[in-house]
Amino acid sequence: MQKDIHPKAVPCKIIFQGKVVMETLSTKPEIHVDVWSGVHPFWTGEERFVDTEGRVDKFNKRFGDSYRTKKK
């Protein structure tokens, strides 16, 4: 590695719902996450639907049923 061109890596705490779940190195001292492997449905075996920012509603509002009626 060349000197003085890379950002400084500092100890970093990964925080999920106010709890420190992991410590690593990063350019930021704290990273707040919404989902991590300890609660992710793929790793826990639980099935749940996560609709972030109402994506389904936003899609339906924008396109309605027009995407179904168009023929290719």
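Worth knowing before you read on, the calculation uses all heavy atoms, side chains too, and leaves out hydrogens, waters and symmetry mates. Sequence positions, counted from 1, serve as the residue numbers for this chain.
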When rounded to the nearest 0.5 angstrom, what distance separates NZ in K13 from NZ in K19? 15.5 Å
Could you go through the side chain to side chain contact (heavy atoms under 4.5 Å, CB included) check for E30 and I15 one step at a time? CA-CA 7 Å; E30 285 186 356; I15 300 172; 3.7 Å; yes
Between F16 and V33, what is the shortest heavy-atom contact and its length? CD1-O, 3.5 Å
With heavy-atom distances below 4.5 Å as the criterion, would you say the side chains of C12 and I31 are in contact? yes
Between CD1 on residue I14 and CD on residue E23, distance to nearest 0.5 Å: 9.5 Å
